[in-house]
Amino acid sequence: MDNGKQKWETVVGLEVHVQLATRSKIFSGASAAYGAGPNTQACAVDLALPGVLPVLNREAVCMAVKFGLAIGAQINRESVFARKNYFYPDLPKGYQISQYEKPIVSGGTLAISAGGDGGAQKNIGITRAHLEEDAGKSLHEDFHGMSGIDLNRAGTPLLEIVSEPDLRSAAEAAAYLKKLHTLVRYLEICDGNMQEGSFRFDANVSLRPRGEEKLGVRTEIKNVNSFRFIEKAVQFEVRRQMKILDGGGAVVQETRSYDSAADETRPMRGKEEADDYRYFPDPDLPPLLLEEDFIAAVRAAMPELPEQKAARFIRDYALTEDDAETLTAGRDTADYFEAVAAACGDAKSAANWINGELAGHLNRENLALGESKVSAQALGELLCRVSEKIISSKTAKEVLQRLWNGEGASADEIIAKHGLKQITDDDAIEKIIRQTVDAHPEQARQFRDGNEKVLGYLVGQVMKSTKGKAEPRKVNAVLREMLSE
Ligand code: ADP
Ligand code: MG
């Protein structure tokens with residue numbers, strides 16, 4: 001659908017609402033925590049009682065600046081809060097406070113991997129990021145035919161991040177969103193919880209004839225909170241618009257919603273119904289002026305970003321790009337990896353085990369790395385025993401399983417309890433090999449006659465009688481030597 005041979009080119013621009021992880025709201029001291037009983041966290045300011053005044057939350061400003069610095073944007077020394085006027089039951093003031101003409105952050109880029117090989121990157125422009133307050137929620141369940149209003153969410157701080165129309169496919173849109181999601185969690189400005197609506201987005205989609213510069217008429221798909229659904233919604237919208245344009249028709253500019261069950265978008269409201277928000281600067285809030293010291297302090301407290309971390313992993317631990325990318329997908333994953341690597345002194349095997357065997361256990365139980373039943377310390381120790389040849393990597397998998405099951409606190413404890421130590425005593429191994437050869441004269445003869453394959457069988461027999469505790473490579477070598485005597 002998005003290949004270069006198509007007549008139409010897909011154009012997508014995204015608006016993302018990131019709920020900032022402050023403790024209190026953007027203009028009041030009420031708690032911004034999720035999940036409390038309805039209206040228990042809505043103070044006089046959030047309820048829009050007469051005579052109250054908003055006071056800007058410094059932490060929300062810090063977070064917006066942090067984000068701006070992370071995407072190499074301009075941090076505007078002056079930004080302005082405006083009133084966006086509209087009527088809705090969950091908006092008691094009758095307006096939402098948002099930044100409009102003068103946002104706190106403007107211009108910046110986010111690199112996404114453009115797909116294809118060679119790990120090519122594509123820079124997506126970010127037009128602006130501005131601070132605003134969230135509205136409350138209308139609850140339509142369980143009210144005996146009536147709707148309820150919960151104003152707990154009213155006044156929760158949001159950072160709205162608006163991209164340039166730089167995305168050229170549904171897949172690129174999803175890649176951009178995933179990258180942004182990782183970034184805001186790295187920065188610890190958002191918990192990233194999509195079910196709770198902490199990270200939600202609108203996609204603007206249009207088509208234009210390939211080679212044409214002028215943008216086509218767009219539709220906007222509102223409020224999606226899943227990477228998979230946004231990809232499907234954009235794909236649907238591209239197909240729908242293509243059909244209209246191919247038939248000689250015109251796309252109508254409108255807002256649409258995505259129904260995931262039916263996998264289709266449907267009109268919500270058209271351009272004629274578009275609101276006139278009558279924006280004007282909020283007289284209760286002076287322009288937000290940022291001092292150099294403030295910005296410098298935020299800059300100094302910036303954490304290492306995903307790309308910097310990946311570059312360091314490649315440089316310092318000699319990881320492949322793929323490994324570096326998966327291991328820096330989350331800060332907890334990166335920290336876990338570094339702890340295992342430090343404990344076992346072998347970064348490559350730490351990476352392999354985390355991305356392989358451990359990932360298998362986590363996936364089976366649908367757990368995040370932060371919920372791993374095996375600590376980084378324990379895995380590190382286990383991998384040490386492998387590199388010291390105390391156990392084979394095959395046995396290590398068994399030990400990991402037992403650690404996972406909670407059968408022991410450490411690899412050493414499990415190795416001791418089940419007698420899993422490899423037999424390193426040469427005499428002992430030779431004795432067992434001698435017995436095996438004597439017990440299989442036919443196979444020994446075949447090998448001497450040039451049948452190489454039979455060696456594998458004999459190695460297997462030795463491993464069986466040692467219950468897997470011999471080192472296969474050694475058994476192989478000794479067997480070969482013994483048989484050619
Ligand atoms: P609005 O305020 O109506 O949402 P904006 O001009 O601020 O409109 O644009 C919102 C988003 O829509 C931005 O991400 C922008 O890149 C994107 N956008 C604008 N025009 C188009 C278009 N023709 N096709 C696709 N995306 C577009
Ligand atoms: Mg919009």
Side-chain angles (χ1 to χ4, degrees), residues 1-2 6 8-18 67 71 73 79-80 82-86 95-110 112 122-132 135 158-177 179-181 199-224 230-231 233-242 244-245 250-258 265 267-280:
M1 181 182 307
D2 298 303
Q6 283 284 345
W8 302 105
E9 181 178 45
T10 300
V11 176
V12 181
L14 295 165
E15 294 162 273
V16 181
H17 283 98
V18 168
F67 177 75
I71 58 161
S79 59
V80 171
R83 291 186 179 181
K84 179 180 182 180
N85 299 281
Y86 65 95
Y95 60 85
Q96 177 196 20
I97 305 176
S98 178
Q99 295 187 315
Y100 184 55
E101 281 170 328
K102 290 190 161 182
I104 184 165
V105 168
S106 45
T109 52
L110 193 70
I112 61 168
K122 176 174 173 183
N123 282 328
I124 305 303
I126 291 180
T127 318
R128 55 188 275 147
H130 63 256
L131 285 165
E132 62 184 27
L158 299 176
L159 187 67
E160 177 172 347
I161 302 163
V162 182
S163 86
E164 289 288 300
D166 284 350
L167 299 150
R168 292 291 170 268
S169 66
E172 281 192 7
Y176 168 88
L177 290 167
K179 209 61 195 283
L180 197 59
H181 188 246
F199 189 91
R200 50 192 207 260
F201 27 88
D202 309 333
N204 296 269
V205 183
S206 67
L207 297 184
R208 63 182 170 191
R210 206 161 280 283
E212 169 70 58
E213 267 206 42
K214 199 164 155 275
L215 294 176
V217 175
R218 69 173 148 136
T219 57
E220 180 175 13
I221 308 162
K222 276 282 184 203
N223 260 324
V224 183
I230 198 74
E231 198 163 345
V234 172
Q235 281 167 352
F236 175 87
E237 200 46 30
V238 168
R239 282 197 303 272
R240 190 185 68 85
Q241 293 185 14
M242 209 180 278
I244 295 173
L245 294 170
V251 172
V252 178
Q253 180 169 346
E254 63 187 358
T255 303
R256 300 176 71 88
S257 62
Y258 176 69
T265 65
M268 276 170 77
R269 54 177 189 265
K271 198 183 178 184
E272 324 70 79
E273 303 151 66
D275 310 278
D276 172 6
Y277 294 120
R278 294 172 293 119
Y279 280 99
F280 64 87

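We count ligands from 1, going down the list as the structure has it; atoms in each ligand are counted the same way. Just so you know, residue 1 is the first one in the sequence shown, and it goes up from there. For the numbers below, each heavy atom of this structure counts, side chains included, while hydrogens, waters and symmetry mates do not.
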(request) Spell out, as yes or no, whether a donor-acceptor pair under 3.5 Å connects the side chain of D202 to the backbone of N223. (result) yes
(request) To the nearest 0.5 angstrom, please state how far the CG atom of L177 sits from the CZ atom of F201. (result)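 It comes to 5.0 Å.
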(message) Would you say R218 and N204 are linked by a side-chain donor-acceptor pair, where the criterion is simply a distance under 3.5 Å?
(response) yes
(request) Could you tell me whether the side chains of E164 and T127 share a donor-acceptor contact shorter than 3.5 Å? (result)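 Distance-only check passes for E164 and T127.
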(message) Which option wins on minimum heavy-atom distance to atom 5 (P) of ligand 1: R218, R128, E220?
(response)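 That would be R218.
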(message) Within ligand 1, which atoms have a heavy atom of V162 less than 4.0 Å away?
(response) 13 (C), 14 (O)
(request) Run the numbers for me: atoms of ligand 1, each under 4.0 Å from some heavy atom of E164, listed by number. (result)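 Near E164, the atoms of ligand 1 are 16 (O).
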(request) Of the side chain and backbone of L14, name the one, both, or neither that has a heavy atom under 4.0 Å from an atom of ligand 1. (result) backbone
(request) If the plane angle is over 60° it's perpendicular, under 30° parallel, otherwise tilted; pick one for Y100 and Y279. (result)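 Parallel.
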(request) Could you say whether the N/O atoms of V217 and ligand 1 ever approach to under 3.5 Å? (result) no
(message) Geometry only, no angles: is G216 polar-contacting ligand 1 at N/O separations under 3.5 Å?
(response) yes
